[in-house]
Participant: 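Sharing a structure here in structure tokens format.
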Amino acid sequence: MVIAPALNPAEMAPEPGVEPRRITLLGATGSIGRSTVDVVMASRGRFAIDTVTANFNSQKLAAIAREVGARMAVVADPASYRELKAALSGTSITAAAGPDAVENAAASRSDLVVAAIVGAAGLAPTLAALRAGRDVALANKECLVCAGSLFVRTAETANVRVLPIDSEHNAIFQALENRNRREVEKIILTASGGPFRDAARWPLAALADVSPADALKHPNWSMGPKVSIDSATMMNKGLEIIEAHHLFAMPADRMEVLVHPQSIVHGIVAYTDGSMIAQMSAPDMRVPIAVCLEWPQRQPTTTGRVDLAKLGSLTFERPDPARFPALRVAREALDLGGWATNILNAANEVAVSAFLRGGIGFPEIARMGEEILSAAAGRDWGGEPASVEAALAIDSEARRMTTNLIG
Ligand SMILES: NC(=O)c1ccc[n+]([C@@H]2O[C@H](COP(=O)([O-])OP(=O)(O)OC[C@H]3O[C@@H](n4cnc5c(N)ncnc54)[C@H](OP(=O)(O)O)[C@@H]3O)[C@@H](O)[C@H]2O)c1
């Protein structure tokens with residue numbers, strides 16, 4: 001990775017007399033949460049974080065709430081309330097707990113909600129934010145995978161803006177420039193290929209024995225554990241195809257995935273006139289987060305710069321279907337509909353945690369998704385989930401099926 005010196009924060013001028021935009025940060029203790037805090041702290045007063053949430057990590061949440069001067073900190077796990085309250089003693093920060101409190105926080109007054117909870121747990125709070133008319137910067141791709149049609153309809157009805165944080169979608173968002181979809185031939189999402197791309201170093205047979213530590217070692221990105229494993233299986237790219245389908249109203253056959261090990265080009269829009277517009281930046285989530293926070297303007301950031309001359313070459317290749325079967329499985333789920341992508345997501349979440357606990361081997365993760373999908377195909381799941389309750393009911397049944405299958 002070649003990165004040129006970044007701007008000095010002292011060169012970034014504060015904007016005199018401008019009120020900060022208020023942010024609610026869901027999933028503050030995670031990797032995207034941390035990057036968002038960094039972007040806000042470097043913004044020199046253009047943004048302020050009002051509310052931060054986590055699941056049960058109360059000490060870390062309290063530390064972040066103090067760091068950003070939040071008004072409120074919320075844990076989803078009610079049992080973590082006392083610890084959070086104690087960790088916030090001596091401050092005026094309000095503590096709250098429980099899933100309802102997270103949803104209330106998401107819906108409370110703010111200029112932007114950053115949705116960075118991991119997994120299907122992000123669905124209810126993010127939809128609560130949309131319903132309350134809050135603009136959303138979306139990292140939680142699982143929202144769209146579990147209930148994409150519902151999500152898009154809710155955002156349209158509430159007339160709110162959804163800005164994609166996921167780097168590939170952020171790239172497409174930038175390259176699309178609000179152009180008419182009829183001018184778009186296809187979109188291309190890039191994938192690093194993760195730690196097991198290299199067939200010489202990791203022959204297919206060896207993947208059965210890889211450890212969680214091997215799979216968590218992403219070559220370019222620093223991310224939370226779930227998305228790191230999803231990158232290694234490339235289920236992440238499969239989920240991103242589903243995410244892009246909903247975000248950009250793009251049919252599956254007009255979306256392509258290319259492996260690009262340098263992770264500099266994040267997404268490409270190919271137009272019908274033969275032009276291709278690509279977005280490039282260092283593999284640092286603070287870039288797409290800053291794009292979302294500042295949109296429609298751009299402001300200087302302190303993130304590293306890409307030195308193309310030093311990098312020398314950028315390469316692209318088609319993903320190997322034998323190495324990355326999860327991509328095919330995700331496309332099959334997308335063809336089946338929203339109930340199927342929901343089931344795939346749940347099966348994948350359960351399989352990833354089982355792998356991280358040492359309960360199943362690495363190749364089993366994609367296989368679980370495929371087996372649960374095929375077991376589910378004979379049943380009536382009620383079509384596209386039309387409510388959070390319907391989406392969560394499918395999710396919990398698919399989790400039960402996967403847990404049983406893992407045994
Ligand atoms: N990391 C990246 O670079 C990256 C890039 C693109 C997209 N994304 C997407 O962004 C999302 C967040 O990823 P991440 O890597 O930041 O995850 P992460 O590091 O694992 O952090 C997850 C956050 O969600 C909270 N959380 C987990 N379960 C919850 C629940 N049931 N209720 C409420 N909060 C809960 C966690 O709180 P605790 O700390 O208390 O557990 C934590 O704050 C994912 O959807 C991922 O696919 C991530």
Side-chain angles (χ1 to χ4, degrees), residues 24-39 51-65 73-81 83-84 87 96-106 114-126 128 136-146 163-171 189-192 194 216 218 220-231 233 235-240 242-244 247 263 266-267 282-289 292 345 348-349 352-353 356 392 395-396 399:
T24 296
L25 178 51
L26 308 177
T29 49
S31 160
I32 293 289
R34 179 68 246 170
S35 296
T36 304
V37 169
D38 289 348
V39 171
T51 302
V52 288
T53 80
N55 192 13
F56 52 77
N57 220 330
S58 29
Q59 294 292 346
K60 193 170 175 185
L61 185 67
I64 292 169
V74 187
V75 274
D77 171 29
S80 303
Y81 176 73
E83 196 185 37
L84 177 65
D100 289 350
V102 175
E103 282 186 44
N104 290 341
V114 174
I117 292 174
V118 67
L123 178 62
T126 312
V136 167
L138 183 71
N140 178 268
K141 67 195 76 178
E142 293 90 345
C143 275
L144 288 163
V145 177
C146 293
L163 299 154
I165 284 183
D166 218 347
S167 56
E168 298 76 4
H169 306 74
N170 189 270
L189 306 179
T190 59
S192 67
L216 285 167
H218 196 281
N220 304 337
W221 296 96
S222 156
M223 308 184 282
K226 198 269 182 173
V227 65
S228 296
I229 301 301
D230 284 349
S231 295
T233 58
M235 182 62 85
N236 185 46
K237 215 48 55 180
L239 301 181
E240 285 178 4
I242 300 164
E243 180 184 9
L247 275 176
S263 297
H266 304 294
D284 180 336
M285 287 308 294
R286 290 173 301 176
V287 176
I289 291 168
C292 290
N345 182 68
N348 182 59
E349 283 191 29
V352 168
S353 10
L356 286 171
L392 294 180
D395 173 87
S396 83
R399 281 170 199 269

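Ligands are counted one by one from 1 in listed order, and the atoms in each one are counted from 1 as well. Basis for what follows: all heavy atoms, side chains included, without hydrogens, waters or symmetry-related copies.
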Participant: Check each of E142, K60, Q59 against atom 45 (O) of ligand 1 and report the one with the nearest heavy atom.
Facilitator: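 Residue with the shortest heavy-atom distance to the ligand atom: E142.
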Participant: Which heavy atom of A65 sits nearest a heavy atom of V52, and at what distance?
Facilitator: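 Minimum heavy-atom contact is CB-CG2, 3.8 Å.
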Participant: Quick test: of every protein heavy atom, which one is nearest to atom 15 (O) of ligand 1, and how far off is it to 0.1 Å?
Facilitator: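 Going atom by atom, the protein heavy atom closest to atom 15 (O) of ligand 1 ends up being G224 N, 2.9 Å.
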Participant: Of all heavy-atom pairs between A171 and G267, which one has the smallest distance, and what is that distance?
Facilitator: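 Result for this residue pair: CB-N, 3.4 Å.
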Participant: Looking at side-chain heavy atoms only, is the closest gap between N236 and K141 below 4.5 Å?
Facilitator: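 They are in contact (side-chain heavy atoms under 4.5 Å apart), so the answer is yes.
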Participant: I need the nearest protein heavy-atom contact for atom 33 (C) of ligand 1: residue, atom name and distance, please.
Facilitator: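 In this structure, atom 33 (C) of ligand 1 has A76 CB, 3.6 Å as its nearest protein heavy atom.
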Participant: Using heavy-atom distances, let me know which of G33, G119, A116 sits nearest atom 23 (C) of ligand 1.
Facilitator: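 It is A116 that holds the nearest heavy atom.
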Participant: Taking C-beta and beyond as the side chain, do S167 and W221 meet within less than 4.5 Å on heavy atoms?
Facilitator: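 Yes, close enough: below the 4.5 Å cut-off.
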Participant: What protein heavy atom is closest to atom 19 (O) of ligand 1, reported as residue, atom name and distance in Å?
Facilitator: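 Answer, as residue, atom name and distance: S31 N, 2.9 Å.
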Participant: Using heavy atoms and a 4.0 Å limit, tell me yes or no: is K141 in contact with ligand 1?
Facilitator: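 Heavy atoms of K141 do come under 4.0 Å of ligand 1.
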Participant: Please list, in number order, the atoms of ligand 1 under 4.0 Å from a heavy atom of F56.
Facilitator: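 Atoms satisfying the 4.0 Å criterion: 40 (O).
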Participant: Can you confirm whether K226 sits close enough to N348 that some side-chain heavy atom of one is under 4.5 Å from a side-chain heavy atom of the other?
Facilitator: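 A side-chain contact exists here, since the closest heavy-atom pair is under 4.5 Å.
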Participant: Is ligand 1 less than 4.0 angstrom away from at least one heavy atom of N140?
Facilitator: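 Judged by the 4.0 Å heavy-atom criterion, N140 does count as contacting ligand 1.
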Participant: Starting from atom 9 (C) of ligand 1, find the nearest protein heavy-atom neighbour and note its residue, name and distance.
Facilitator: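 Nearest neighbour among protein heavy atoms for atom 9 (C) of ligand 1, to 0.1 Å: A139 O, 3.1 Å.
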Participant: Once you restrict to heavy atoms under 4.0 Å, what part of A28 touches ligand 1? Side chain, backbone, both or neither.
Facilitator: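 Backbone only.
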Participant: Got V118 and E142 here, is their nearest side-chain heavy-atom distance under 4.5 Å?
Facilitator: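 Yes. Closest side-chain heavy atoms under 4.5 Å.
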Participant: Among protein heavy atoms, which lies nearest atom 4 (C) of ligand 1, and at what distance?
Facilitator: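 Nearest protein contact, heavy atoms only, for atom 4 (C) of ligand 1 is I32 CD1, 3.4 Å.
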Participant: For residues I117 and V102, determine if any side-chain heavy atom of one lies less than 4.5 Å from a side-chain heavy atom of the other.
Facilitator: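 They are in contact (side-chain heavy atoms under 4.5 Å apart), so the answer is yes.
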Participant: Evaluating non-hydrogen atoms only, which member of I117, V227, L239, V52 is closest to atom 11 (C) of ligand 1?
Facilitator: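 Of the listed residues, I117 has the closest heavy atom.
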Participant: Are any of the side-chain heavy atoms of M223 and M285 separated by less than 4.5 Å?
Facilitator: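 Of all side-chain heavy-atom pairs linking M285 with M223, none is under 4.5 Å.
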Participant: List the closest protein heavy-atom neighbour of atom 31 (N) of ligand 1: residue, atom name, distance to the nearest 0.1 Å.
Facilitator: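 Answer for atom 31 (N) of ligand 1: A121 CB, 3.3 Å.
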Participant: What are the atoms of ligand 1, with element, lying closer than 4.0 Å to any heavy atom of M223?
Facilitator: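 What qualifies from ligand 1 is 1 (N), 2 (C), 3 (O).
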Participant: Which residue holds the protein heavy atom closest to atom 38 (P) of ligand 1, what is that atom called, and what is the gap in Å?
Facilitator: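 Minimum-distance protein heavy atom for atom 38 (P) of ligand 1 reads T29 OG1, 3.4 Å.
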Participant: Where does M285 meet ligand 1, judged by heavy-atom distances below 4.0 Å: at the side chain, the backbone, both, or neither?
Facilitator: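 The part of M285 near ligand 1 is the side chain, not the backbone.
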Participant: Taking only non-hydrogen atoms of W221, do any sit less than 4.0 angstrom from ligand 1?
Facilitator: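 Checking ligand 1 against W221, which is what was asked, there is no heavy-atom contact under 4.0 Å.
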Participant: Return the residue, atom name and 0.1 Å-rounded distance of the protein heavy atom closest to atom 41 (O) of ligand 1.
Facilitator: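 Nearest neighbour among protein heavy atoms for atom 41 (O) of ligand 1, to 0.1 Å: N55 CB, 3.6 Å.
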Participant: Determine the minimum heavy-atom distance between P78 and A97, stating which atoms define it.
Facilitator: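 Distance-wise, the nearest heavy atoms are CA-CB, 4.0 Å.
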Participant: Give the atom numbers and elements of ligand 1 that come within less than 4.0 Å of a heavy atom of D166.
Facilitator: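 Heavy-atom distances to D166 below 4.0 Å select 6 (C), 7 (C).
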Participant: Regarding T29 and N57, do their side chains bring together a donor and an acceptor under 3.5 Å, going by distance alone?
Facilitator: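 No donor-acceptor contact under 3.5 Å links the two side chains.
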Participant: Looking only at heavy atoms, which two atoms of L138 and C143 are closest? And how far apart?
Facilitator: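 Smallest interatomic distance, heavy atoms only, reads CD1-SG, 4.3 Å.
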Participant: Could you say whether the N/O atoms of N236 and ligand 1 ever approach to under 3.5 Å?
Facilitator: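 So ligand 1 has no N or O lying under 3.5 Å from an N or O of N236.
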Participant: Is there any N or O on N57 that sits under 3.5 Å from an N or O of ligand 1?
Facilitator: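 N57 vs ligand 1: N/O contact under 3.5 Å present.
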Participant: Does the side chain of I242 reach to within under 4.5 Å of the side chain of L144, using non-hydrogen atoms?
Facilitator: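 Contact flag for I242/L144 side chains = no.
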Participant: Compare all side-chain heavy atoms of L216 with those of P225 and state whether any distance is below 4.5 angstrom.
Facilitator: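 Heavy-atom side-chain distance check passes, below 4.5 Å.
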